[in-house]
Amino acid sequence: MHLSFLKTWNLRTKLMIILVLFILSPLMIFGILFYQSSKDLVSQRTDKEGLQVLTLVNQNVSQLLKGYESQLNDIYEHEDIIKQLSDSIETKSSDQISLSDDSVNRFLRDFLRGKDDLDSIYLFTLKATYFGDFKGPNLFTQFYRDHPMWDRFISLGTGRAVWLPSYELPPNQYNSKTSHYFAVGMQVKDVYDSLQTLGTLIANVKIDALDKIISNVQVSPNSVLLITDHQGNLIWNRNPDAYGINLSTYPFFNQLDQQEDGRFTQEINGSPYRGTFLRSAYNGWYYFSFVPQSDLNAQTNDLKRFLAATVVAFAALFIFLAAFTSNYITRPIRQMALAMKHIQKDNFEMTQLTQSSDEMGMLQAAFLSMRGRINELIKEVRLISNKEKEAEVRALQAQINPHFVYNSLDAINWMAIENDQSRISRMITSLSDIMRYAIKPGEQLVTIEEELKWAQNYAYLQEMRFEDKFEVIFDVKIDTLDLKVPRLLFQPYLENSIIHGMEDIDTGGVIRITVQSTGSEEEMKLTVIVEDNGGGISADKLQQIKERRSHGIGIYNLDERLKMEYGPSYGTTIHSVFGEGTIVTIVLPYIR
């Protein structure tokens with residue numbers, strides 16, 4: 001990410017933003033995490049409450065259903081009814097069958113008395129249909145025939161009570177509105193003889209029986225409670241329009257996998273719901289609680305508003321504190337920056353700075369001391385500059401001196417030639433070349449050829465001066481003389497060898513200067529060896545030279561210059577044996 005725009009911001013703004021971000025960001029992250037954990041806590045609490053509600057509803061509904069089942073089982077206690085049903089199957093007399101029908105029908109009607117939640121009861125046999133129904137038998141009988149699977153389900157129960165899905169009857173002459181029921185059925189067997197099946201008994205229960213138990217039960221203001229059978233057929237719902245829905249069409253129902261209870265999420269009609277379910281151990285019915293996400297959000301809205309207000313309040317507080325802190329920290333820095341601008345404009349008037357004893361105070365004290373020192377140095381520089389200008393004028397005035405010397409030496413040289421003094425002529429020529437080389441302007445680096453020529457002239461003059469007490473031999477072992485070396489490289493080494501090495505020798509002294517290349521092809525080095533057979537240097541004196549406590553300091557100054565310029569692998573080393581001679585080795589880079 002390109003952050004170059006930050007360079008245009010001042011330090012106060014940057015510091016304030018950093019303080020706000022590093023303090024406010026953790027607070028916001030904590031608030032978000034706290035809100036999220038609160039939402040999870042609300043969801044978990046809703047799930048727990050939903051499961052508790054379903055458990056209570058299941059207990060009440062199961063108790064109601066067991067009561068109906070117990071009432072149906074009471075039929076077996078009426079021996080006359082069972083015997084009449086058994087006889088009606090075996091007899092062929094129509095009079096006897098008619099008498100039996102009246103007796104069973106009266107029994108069923110009497111059975112309904114005092115049972116307000118039971119709408120009707122039917123007993124279907126192979127030869128007759130018995131009923132207790134104020135609406136007459138036609139409506140339900142036709143409905144029963146249209147659902148042959150009911151008889152199959154009841155037969156699979158082998159005498160146990162089987163709870164059938166809820167159903168609705170359309171408006172009719174007995175009821176102007178659609179009415180809803182759920183049914184319980186069981187096979188009636190001859191318990192006094194061969195346990196043969198005598199018929200199918202079905203009792204129709206008004207849905208109001210469940211309404212009384214469940215209609216006022218809610219997990220949340222907009223929650224939905226459902227009861228279904230194990231196949232997803234709807235048994236009860238607060239909304240009459242929902243009857244006929246089968247939950248097996250929804251993915252969550254197929255994932256229940258005969259679990260006793262659990263939780264799930266489901267989107268219904270485009271809205272997310274959090275669901276809880278419980279499976280009845282009595283008859284396998286499923287009890288569902290659907291809580292819309294909007295109800296869960298409503299429970300956390302107050303917390304959300306509280307957190308938002310808290311974050312806004314703390315944000316305002318932190319911004320104020322950040323602005324105050326950044327201003328407190330940067331104010332002395334701005335004062336110093338203003339003072340520095342004054343210095344930049346050559347204004348050294350004292351600027352009043354905030355006094356403190358902290359690190360900024362120390363920095364300001366150092367700045368004030370530096371400002372005073374700079375002022376003094378500027379005055380010194382101006383004084384030195386004035387003196388340099390005077391020296392330049394004097395140098396211009398003295399430029400005539402070298403030309404006068406060169407002209408005089410040239411005249412003396414011609415006089416020596418006219419008088420056949422070749423040695424004097426050569427000495428004058430060498431001296432003239434040495435002076436021109438030493439004082440001519442130019443770069444610090446010269447070719448090895450120029451440096452050797454100067455050294456040869458210098459050596460010749462010294463040989464003449466000391467009347468051939470020694471000989472200087474040049475041994476050049478390199479292919480090219482265009483390599484660059486520092487100007488007057490040989491001067492200190494030759495001078496030391498002549499003055500200190502040859503001072504006690506009367507004759508036979510030899511100074512050998514060897515120039516050769518060393519190192520690998522990747523890193524060639526130029527090595528210059530100055531070797532003499534003079535008196536040498538004692539160990540103590542050599543140590544003093546290395547420690548800069550004796551003459552010879554110039555040699556080691558050059559060593560430091562070479563190391564600083566080219567690196568630690570270059571420089572000068574001295575090896576000497578007292579009474580035998582001295583060897584000075586100079587290692588230079590290959591510079592073309």
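Residues: numbered from 1 along the sequence shown.
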Treating [X] as the side-chain partner and [Y] as the backbone partner, does any N or O pair qualify as donor plus acceptor under 3.5 Å?
{"X": "Asn237", "Y": "Leu225", "result": "yes"}
{"X": "Asp211", "Y": "Ser215", "result": "no"}
{"X": "Asp229", "Y": "Pro165", "result": "no"}
{"X": "Lys563", "Y": "Tyr570", "result": "yes"}
{"X": "Ser248", "Y": "Gly232", "result": "no"}
{"X": "Gln218", "Y": "Pro221", "result": "yes"}

So, do [X] and [Y] sit near enough that their side-chain heavy atoms are less than 4.5 Å apart?
{"X": "Val188", "Y": "Thr125", "value": "no"}
{"X": "Gln187", "Y": "Ser155", "value": "yes"}
{"X": "Phe131", "Y": "Leu123", "value": "no"}
{"X": "Ser220", "Y": "Pro292", "value": "yes"}
{"X": "Tyr68", "Y": "Leu72", "value": "no"}
{"X": "Gln196", "Y": "Leu198", "value": "yes"}
{"X": "Val205", "Y": "Tyr181", "value": "no"}
{"X": "Phe111", "Y": "Arg106", "value": "no"}

- Query: Phe140 and Arg145: side chain to side chain contact (heavy atoms under 4.5 Å, CB included), yes or no, with the steps?
  - Reply: CA-CA 8 Å; Phe140 183 75; Arg145 290 171 181 171; over 6 Å; no
(message) Using 0.5 Å steps for rounding, measure from the NZ atom of Lys189 to the CG atom of Leu201.
(response)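 Those atoms lie 13.0 Å apart.
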Measuring from His180:NE2 to Glu168:CD, what's the distance to the nearest 0.5 Å?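 Taking NE2 in His180 and CD in Glu168, the distance rounds to 4.0 Å.
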Nearest heavy-atom neighbours spanning Asn73 and Met186: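 Minimum heavy-atom contact is OD1-CE, 3.2 Å.
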* To do: List the atom of Val162, the atom of Gly157, and the distance in Å for their closest heavy-atom pair.
  =>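 So the two residues come closest at CG2-CA, 3.9 Å.
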Aromatic ring pairing Phe264/Phe277, orientation class (parallel under 30°, perpendicular over 60°, tilted between)
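Ring orientation, 0 to 90° scale: tilted.
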- prompt: With respect to Tyr286, which candidate in Phe253, Tyr250, Trp236 satisfies the ring pair (Phe, Tyr, Trp, His ring centres under 6.0 Å) definition?
  reply: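 Considering Phe253, Tyr250, Trp236, a ring pair (Phe, Tyr, Trp, His ring centres under 6.0 Å) with Tyr286 is found only for Phe253.
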*Pairs in or reaching into residues 261-278: which pass side chain to side chain donor-acceptor pair (under 3.5 Å), with residues at least two apart or in two chains?*
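Residue pairs with at least one partner in residues 261-278: Asp47-Arg274.
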[X], [atom1] atom: more than 12 neighbouring heavy atoms under 6.0 Å:
{"X": "Met524", "atom1": "CE", "value": "yes"}
{"X": "Gln63", "atom1": "CD", "value": "no"}
{"X": "Arg45", "atom1": "CZ", "value": "yes"}

Just checking, is any N or O donor in the side chain of [X] or [Y] under 3.5 Å from an acceptor N or O on the other one?
{"X": "Asn204", "Y": "Ser120", "value": "yes"}
{"X": "Asp146", "Y": "Gln142", "value": "yes"}
{"X": "Asp295", "Y": "Ser223", "value": "no"}

Before accepting this row, confirm whether a basic side-chain N of the pair Lys212/Asp117 lies closer than 4.0 Å to the acidic partner's carboxylate O.
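Judged by the 4.0 Å cut-off on N to carboxylate O distance, Lys212 and Asp117 do form a salt bridge.
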Donor-acceptor pairs under 3.5 angstrom involving side-chain atoms of residues 48-58: please list them, not counting sequence neighbours.
residue: Thr55; atom: OG1; partner: Leu51; partner atom: O; Å: 2.7
residue: Asn58; atom: OD1; partner: Ser62; partner atom: OG; Å: 3.0
residue: Asn58; atom: OD1; partner: Ser280; partner atom: OG; Å: 3.2

Please walk me through it: do Asn233 and Leu164 pass side chain to side chain contact (heavy atoms under 4.5 Å, CB included)?
CA-CA 9 Å; Asn233 298 307; Leu164 303 174; over 6 Å; no
Give a yes or no on whether the ring-centroid distance for Trp150 and Phe143 is below 6.0 angstrom.
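Yes - the distance between ring centres of Trp150 and Phe143 falls below the 6.0 Å cut-off.
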Does the gap between the ring centers of Tyr144 and Tyr122 come in under 6.0 Å?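 When the ring centroids of Tyr144 and Tyr122 are compared, they turn out to be at least 6.0 Å apart.
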Side chain to side chain contact (heavy atoms under 4.5 Å, CB included) between Tyr167 and Phe182, worked out:
CA-CA 6 Å; Tyr167 65 93; Phe182 65 96; 5.9 Å; no
- In this structure, which one of Ile121, Val184, Ile154 forms a side-chain contact (heavy atoms from CB on, under 4.5 Å) with Ile202?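 Testing Ile202 for a side-chain contact (heavy atoms from CB on, under 4.5 Å) against Ile121, Val184, Ile154 leaves exactly one candidate, Ile154.
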